[in-house]
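First the proteins, then the strands, lettered A, B, ... as listed; each starts at 1.
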2 protein chains.
Amino acid sequence: MTETATAGRALPHPEREEIRLEAVLHALSDPMRLQIVRELAAREAELTCSQFELPVTKSTTTHHFRVLRESGVVRQVYRGTAKMNGLRRDDLDSLFPGLLDSLLAAADRQSVRLGDGA
Amino acid sequence: MTETATAGRALPHPEREEIRLEAVLHALSDPMRLQIVRELAAREAELTCSQFELPVTKSTTTHHFRVLRESGVVRQVYRGTAKMNGLRRDDLDSLFPGLLDSLLAAADRQSVRLGDGA
DNA sequence: CGGCTCATACGATAATCCTCGTACTACGAG
DNA sequence: CTCGTAGTACGAGGATTATCGTATGAGCCG
């Protein structure tokens, strides 16, 4: 009862073998979601949904996190009322070695190039 | 007139600095387009649109090539009635070092893993 | 010129997607 | 139990997208 209690609801995640490259690329092709993933990678910790300051409503935020989860990019776990989000680095690195780092580096580069506030 | 004659029509391409990572990822998130890019990278040559055996009509093929061109992934040049397609490797490598290779490697890996006919 | 091929343009259709608002559930604190 | 907070579910509106069919243009060959 000690640990199962923290996972009140179960959230559907794709298994490692079910992760599709196209789905990952599609998930990251949205500026909002790319931003989420970048922040998640920057601080190497799990974050709650509400810790991201996104210029959209809560509904839309939920939607984006679901796309990220269903594509296999992030793992979501309930802890109390909060939902912790973590990058699935192990799975992605195992499936597509080097891809995640290249993508993050590319996003950083573009951010610098365009003078983004990041 | 000698060289401009070969380029009957001019096709709009984004400049190197205008290429956006999100657009590139979106372009590659479509299975059809990812396949095109993989073939283009495999044979390191320019290919005409009709040299790809895609399970869609010509109209749709044209559409996908336009998306790839407008996102900055491929460069298209007319040669006679044929339109030659080439990967913009220089531009992409310059903007996002290592990204293209990671993406192609990831696509190859997945193709092997899923037992695709490629 | 006349026909053939490669590719485009335009319109249409159906699906997907981003965004939002409102109503709702789950959990923890008092 | 009641309230507040975190997040979901559902539905809807509007934009983008993938696909197709048909008609059209641009260049080559006889």
Side-chain angles (χ1 to χ4, degrees), chain A residues 1-13 20 22-37 46-71 73-86, chain B residues 1-13 20 22-37 46-71 73-86:
Chain A
M1 306 284 189
T2 52
E3 294 176 8
T4 47
T6 54
R9 267 166 299 185
L11 291 164
H13 287 80
R20 300 281 271 105
E22 295 90 330
V24 172
L25 297 183
H26 172 241
L28 298 182
S29 71
D30 183 279
M32 212 75 68
R33 294 193 290 259
L34 184 57
Q35 182 59 30
I36 292 175
V37 170
E46 294 187 327
L47 297 174
T48 66
C49 291
S50 56
Q51 284 179 293
F52 296 86
E53 292 196 3
L54 301 173
V56 291
T57 65
K58 246 188 325 180
S59 297
T60 307
T61 302
T62 296
H63 163 68
H64 284 309
F65 273 104
R66 175 165 41 193
V67 173
L68 287 172
R69 186 189 72 235
E70 292 180 344
S71 66
V73 177
V74 307
R75 170 159 283 126
Q76 296 186 298
V77 179
Y78 279 105
R79 183 176 315 180
T81 79
K83 193 164 64 172
M84 308 309 293
N85 296 275
Chain B
M1 303 291 187
T2 51
E3 292 176 9
T4 47
T6 54
R9 268 165 299 184
L11 291 163
H13 287 79
R20 301 281 270 105
E22 295 90 329
V24 172
L25 296 184
H26 172 241
L28 298 183
S29 71
D30 183 279
M32 213 74 70
R33 293 194 288 261
L34 184 58
Q35 182 59 28
I36 291 175
V37 170
E46 295 185 326
L47 297 173
T48 67
C49 292
S50 56
Q51 284 178 293
F52 297 85
E53 291 195 4
L54 302 173
V56 291
T57 65
K58 250 189 318 182
S59 296
T60 307
T61 303
T62 296
H63 163 68
H64 285 309
F65 273 105
R66 176 166 39 196
V67 173
L68 287 172
R69 187 188 70 236
E70 292 179 346
S71 65
V73 177
V74 307
R75 171 160 282 127
Q76 297 186 299
V77 179
Y78 279 105
R79 185 177 311 183
T81 81
K83 192 164 66 172
M84 308 309 295
N85 297 274

Check the interface with nucleotides 20-24 of chain D: list each N/O to N/O pair with the protein under 3.5 Å, or write none.
{"unit_1": "D/dC20", "atom_1": "OP2", "unit_2": "B/Thr57", "atom_2": "N", "d": "2.9"}
{"unit_1": "D/dC20", "atom_1": "OP2", "unit_2": "B/Thr57", "atom_2": "OG1", "d": "3.4"}
{"unit_1": "D/dC20", "atom_1": "OP2", "unit_2": "B/Thr60", "atom_2": "OG1", "d": "2.9"}
{"unit_1": "D/dG21", "atom_1": "N7", "unit_2": "B/Ser59", "atom_2": "OG", "d": "3.3"}
{"unit_1": "D/dG21", "atom_1": "O6", "unit_2": "B/Ser59", "atom_2": "OG", "d": "2.9"}
{"unit_1": "D/dT22", "atom_1": "O4", "unit_2": "B/Ser59", "atom_2": "OG", "d": "3.2"}

> side-chain contact (heavy atoms from CB on, under 4.5 Å) between A/Thr61 and A/Ile36: does it pass, once the steps are laid out?
Replying inline: CA-CA 10 Å; A/Thr61 302; A/Ile36 292 175; 5.6 Å; no
> Atom CG of A/Asn85 to atom P of D/dA6: distance rounded to whole Å?
Replying inline: 14 Å
>> Given D/dG7, D/dA6, D/dA26, identify the nucleotide with an atom nearest to the side chain of A/Thr81.
In response: D/dA6
> Of all heavy-atom pairs between A/Ser29 and B/Glu22, which one has the smallest distance, and what is that distance?
Replying inline: O-CB, 3.5 Å
> Can you check whether A/Arg66 has a side-chain N or O nearer than 4.0 Å to OP1 or OP2 of D/dA9?
Replying inline: yes
> Any side-chain donor-acceptor pair under 3.5 Å between B/Thr60 and B/Thr57?
Replying inline: yes
> Counting any heavy atom closer than 4.0 Å, what does A/Ser50 reach on the DNA or RNA strands: base, sugar-phosphate only, or nothing?
Replying inline: sugar-phosphate
> Of A/Arg69, A/Arg66, A/Glu70, which meets side-chain contact (heavy atoms from CB on, under 4.5 Å) against A/Leu11?
Replying inline: A/Arg69
>> Using the rule given for side-chain contact (heavy atoms from CB on, under 4.5 Å), can you reason through B/Arg79 versus B/Val77, listing the C-alpha separation, both sets of side-chain angles and the distance that settles it, and then say yes or no?
In response: CA-CA 6 Å; B/Arg79 185 177 311 183; B/Val77 179; 5.9 Å; no
> Just checking B/Thr48: base, sugar-phosphate only, or nothing, at a heavy-atom cut-off of under 4.0 Å?
Replying inline: sugar-phosphate
Protein-nucleotides 15-17 of chain C N/O pairs closer than 3.5 Å?
none

>> Check whether A/Asn85 reaches the backbone of A/Gln76 with its side chain - one donor and one acceptor, N or O, closer than 3.5 Å.
In response: no
>> Counting only side-chain nitrogens and oxygens, does A/Arg79 get under 4.0 Å of the OP1 or OP2 atom of D/dA6?
In response: no
>> From CD of A/Glu22 over to C1' of D/dA18, roughly how many Å is that when rounded to an integer?
In response: 15 Å
> To the nearest Å, how far apart are A/Phe65 CZ and C/dC18 P?
Replying inline: 14 Å
>> Going by the rule side chain to side chain contact (heavy atoms under 4.5 Å, CB included), which residues pair with B/Ser50 if we only count those two or more places apart in sequence or in a different chain?
In response: B/Thr48
> What integer distance in Å separates A/Met84:CE from D/dA6:C1'?
Replying inline: 12 Å
> Atom NE2 of B/His26 and atom CG of A/Asp30: how far apart are they, to the nearest 0.5 Å?
Replying inline: 10.5 Å
> Which whole-number value in Å describes the distance from B/Tyr78 OH to C/dT5 P?
Replying inline: 19 Å
> Can you check side-chain contact (heavy atoms from CB on, under 4.5 Å) on A/His63 and A/Arg33, steps first, answer last?
Replying inline: CA-CA 10 Å; A/His63 163 68; A/Arg33 294 193 290 259; 4.3 Å; yes
> To the nearest Å, how far apart are A/Leu11 CG and D/dA6 C1'?
Replying inline: 13 Å
> Atom CG of B/Leu34 and atom P of D/dA18: how far apart are they, to the nearest Å?
Replying inline: 13 Å
> Could you state the CD-P distance from A/Gln76 to D/dA6, rounded to the nearest angstrom?
Replying inline: 16 Å
